[in-house]
Enquirer: 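For reference, the structure I am asking about is given below.
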Number of protein chains: 2
Amino acid sequence: MAIVCQNLPDACQHCPVPAPRRRATITSVAEAAGVATSTVSRAFSNPGRVNHVTREHVLAVAERLGYSPNPTAQALESGRTNTVALVVPDITNPYFSGVVKGAERAAAEARLTLVIGDAQENPVHEERLVRRLGAAVDGFVLTASRMPDEALQRASELNRIVLVNRASPGLTSVVADFASGTRQIVAHLASHGHRSFVFLGGPAESWSGARRWAGLRAAADEHGLEATRFGPYTPTTASGPAAADAVLTTRATAVVAHNDVLAIGVLQRLAERGVRVPEQLSVVGFDDVFGADFCHPPLTTLAERTTEAGARAVEALAALTRPGATPTGDDAPVRVLPTQLVVRASSGPAPT
Amino acid sequence: MAIVCQNLPDACQHCPVPAPRRRATITSVAEAAGVATSTVSRAFSNPGRVNHVTREHVLAVAERLGYSPNPTAQALESGRTNTVALVVPDITNPYFSGVVKGAERAAAEARLTLVIGDAQENPVHEERLVRRLGAAVDGFVLTASRMPDEALQRASELNRIVLVNRASPGLTSVVADFASGTRQIVAHLASHGHRSFVFLGGPAESWSGARRWAGLRAAADEHGLEATRFGPYTPTTASGPAAADAVLTTRATAVVAHNDVLAIGVLQRLAERGVRVPEQLSVVGFDDVFGADFCHPPLTTLAERTTEAGARAVEALAALTRPGATPTGDDAPVRVLPTQLVVRASSGPAPT
DNA sequence: CAAATTTTGGCAAACGATTGCCATGTGACG
DNA sequence: CGTCACATGGCAATCGTTTGCCAAAATTTG
């Protein structure tokens, strides 16, 4: 590792890095306080079981020694780690940062530690991640999971699992209302005189991609529009050129992309090729990510409550892991969050 | 929790969620294989210490039972969790997704689990996070830490710490080369005839913000430009209006924002107010985040190697936590990564 | 004042894995 | 055939915490 020190006042002094000092343990606290370890333990976790003044004393000593219970040891003893894992297909996709944020917040409120895993858009990697982390966490929130149903079932035998934007028999999940959302999109296009549109599909394994297409097609039928599906495309701006060029071979007057990132890539390519949006072609995305409001032209898109989805999923997981929880009846597995079409400048009247 | 089931085939069957099946332990494997637990342990971690055929047998039994060693128990025994924590000020800031991605990758390569913490732009929250997680991880990567030096020193006594875009005496860190970067920015502006610019500062505690301003001012001196600092502003698009309006009270022909997100907010506000960019005012940002290339106009910005920074930081941490590591001499604390000015359409000649 | 009852604190056994040490069993060599 | 070395597997302690159970002390009650 080549190291260069420049212009960094007070920083590079080549000091040796000291090994971390040993932490105080329950035993050292017990010794210092002159009580048994069990008393220290109870002073923390079972206040009623120990004399008021003893407790004060123990707590004071613990404070002085900077003691806090070792979570690893607690986990080993109790079998609960108070940690949940959030798995996303691609952490750099801005869509997921909303989910992450919501999950973070809910986890903090439930006093849970959150681990984030990146499945790299790969079911195999995702499954490996779940297996590797399985024993170290109390449960998983799998976002837009690409794992096949059987794999999910198998995983759910060993771990508690909550899904986001994915459903699978018997598993709790939080999903966006794509049925209503896609209807809003198609109604918007139809009202502007469009007669046909192209859907640029995302990854083949994407459950929400399938729901989106199913919803769009059903709504298209209702409104008498023609819908065609292209793809699959990787949902990155890099796929924009291929997707846009494919659309330009058709007579479609509107295009609905699997998500905003892809839609933005399409917008960039269309600009390059001199196709005017929305005059010649309307473009609609999904997700309303950071950037959808300031790309050019600003993108019409279906907004989901991603932050809420992340939060609800973690809450559901927390409820599932709480000691005597067995969800039945009202506490049933699927929660649907509303979606909302945000109309911006990338969509408009069909060309005549 | 109100639950609605609609349009979700095969999903909402109100099945009870079964409690997770018990995992196989080393004891159950030992019993099933007819050997002692120590043999099972060694079959996994010390192959030379156990007979070839016994080992095959044990491994086969373990496979059949779906056994994998419990990380919690291993952690308790060894004192190492093989987990590192990455703390960022705000996970929704796209700037950090690069760091996260790089850290993820490096962690996976080093066979480490990565935990992500969100400090919510708050030194107090950050310190609490470090304290809470301290015993559960082998070390921390603190990105753009807002903690004061003393707090960092204190924390480093109990945990191994590597900093990203922050330096503190004696602590290993990975930082972007702001000295060169800010010189590139100022040279760019000077070459276009600008005589003065405004810097829109970020959070007061931001170390990289201070470096940026220091570098800009030094470079401005060199080129005989006048530099003024405004702020602090929260680095979100929401601060754009206030920041832009402040700039418009001056005669500056260029503005350099603390980061791209703020710069984009400024661009939006300038468009609202009918100020043409770059004809009337040049705008430059830092970070080259997702969106900087497709905002309007595309943003001139200083690109950092965020992915590499994340990866290098985790690698450094891994090296630090490996048994006999004591960095000295060549292995010194500060690593500087190059930066590169990406010139786009938001900057140009000064108005005459 | 003795007996019954309630506090209160300590002992020791888990939790699941690792590892130093020891006791076998095997083969080789003189 | 005796001795030695080495390969192999088991015993048991350890990591830091929790918790069921018991005993001593303090309190109430008759």
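All values below come from the heavy atoms of this structure, side chains included, with hydrogens, waters and symmetry mates left out. Residue numbering restarts at 1 for every chain, and letters A, B, ... go by the order of the sequence lines.
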Enquirer: Can you measure B/Gln74 atom CD to C/dC15 atom C1' for me and round it to whole angstrom units?
Expert: 14 Å

Enquirer: B/Pro47 pairs by side chain to side chain contact (heavy atoms under 4.5 Å, CB included) with which of B/Arg42, B/Arg55, B/His52?
Expert: B/Arg55

Enquirer: Does any non-hydrogen side-chain atom of B/Arg146 lie less than 4.5 Å from one of B/Ser206?
Expert: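 Yes, side chains in contact.
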
Enquirer: Just wondering, do A/Leu59 and A/Phe44 contact through their side chains at under 4.5 Å, heavy atoms?
Expert: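 Yes. Closest side-chain heavy atoms under 4.5 Å.
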
Enquirer: What is the minimum heavy-atom distance between A/Arg23 and B/Ala135, and which atoms define it?
Expert: NH2-N, 3.7 Å

Enquirer: How many Å lie between CZ on A/Arg55 and P on C/dG9, as a whole number?
Expert: 12 Å

Enquirer: Taking CZ from B/Arg23 and P from C/dA17, how many angstroms apart are they, rounded to a whole number?
Expert: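 The answer, rounded to whole Å, is 11 Å.
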
Enquirer: So do A/Val53 and A/His57 actually touch side chain to side chain, heavy atoms under 4.5 Å?
Expert: no

Enquirer: Tell me if the CZ atom of A/Arg131 is crowded by more than 12 foreign heavy atoms within 6.0 Å.
Expert: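 Atom CZ in A/Arg131 is not packed in, count stays at 12 or less.
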
Enquirer: Got a list of side-chain donor-acceptor pairs under 3.5 Å for residues 97-116 of chain B, not counting sequence neighbours?
Expert:
from, atom 1, to, atom 2, distance (Å)
B/Ser97, OG, B/Pro94, O, 2.6
B/Lys101, NZ, A/Asp90, OD1, 3.1
B/Lys101, NZ, A/Asp118, OD2, 2.9

Enquirer: Find out whether B/Pro89 and B/Gln120 are in side-chain contact, i.e. whether some heavy atom of one side chain is under 4.5 Å from a heavy atom of the other.
Expert: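 No. Closest side-chain heavy atoms not under 4.5 Å.
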
Enquirer: Give every pair of a protein N or O atom and an N or O atom of nucleotides 6-8 of chain C that lie under 3.5 Å apart, one pair per line with the distance.
Expert:
from, atom 1, to, atom 2, distance (Å)
C/dT8, OP1, A/Asn51, ND2, 3.4

Enquirer: What is the distance from CG of B/Asn82 to C1' of C/dA17, rounded to the nearest Å?
Expert: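 My rounded result for the distance is 13 Å.
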
Enquirer: Expressed as a whole number of angstroms, how long is the span from A/Glu77:CD to D/dC15:C1'?
Expert: 13 Å

Enquirer: Report for the helix from C/dC1-D/dG30 to C/dG30-D/dC1: angle between first-end and last-end helix axes, five pairs each, rounded to 10 degrees.
Expert: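 Inter-axis angle at the ends, rounded: 50°.
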
Enquirer: Give me the one residue out of A/Val334, A/Leu152, A/Val175 that meets side chain to side chain contact (heavy atoms under 4.5 Å, CB included) with A/Leu163.
Expert: A/Leu152

Enquirer: How about B/Ser41 and B/Ile26: do any of their side-chain heavy atoms sit closer than 4.5 Å?
Expert: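 Result yes, sub-4.5 Å side-chain heavy-atom pair found.
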
Enquirer: Using side chain to side chain donor-acceptor pair (under 3.5 Å) as the criterion, list what pairs up with A/Glu126, not counting sequence neighbours.
Expert: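 By the side chain to side chain donor-acceptor pair (under 3.5 Å) rule, A/Glu126 matches A/Ser145.
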
Enquirer: Testing A/Leu133, A/Leu129, A/Val84 one by one against A/Phe140 for a side chain to side chain contact (heavy atoms under 4.5 Å, CB included), which residue passes?
Expert: A/Leu133

Enquirer: Distances for protein N/O vs nucleotides 24-26 of chain C N/O pairs under 3.5 angstrom?
Expert:
none

Enquirer: Can you tell me the distance, in whole Å, between the CG atom of A/Leu76 and the C1' atom of D/dT19?
Expert: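 Taking CG of A/Leu76 and C1' of D/dT19, I get 14 Å after rounding.
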
Enquirer: Give a yes or no on this: more than 12 heavy atoms of other residues, nucleotides or ligands lie within 6.0 Å of atom CD of A/Glu63.
Expert: no

Enquirer: Please list residues of residues 28-46 of chain B whose heavy atoms come under 4.0 Å from any atom in DNA chain C, ordered by number; otherwise none.
Expert: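 Heavy-atom contacts with DNA chain C come from B/Ser38, B/Ser41, B/Arg42.
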
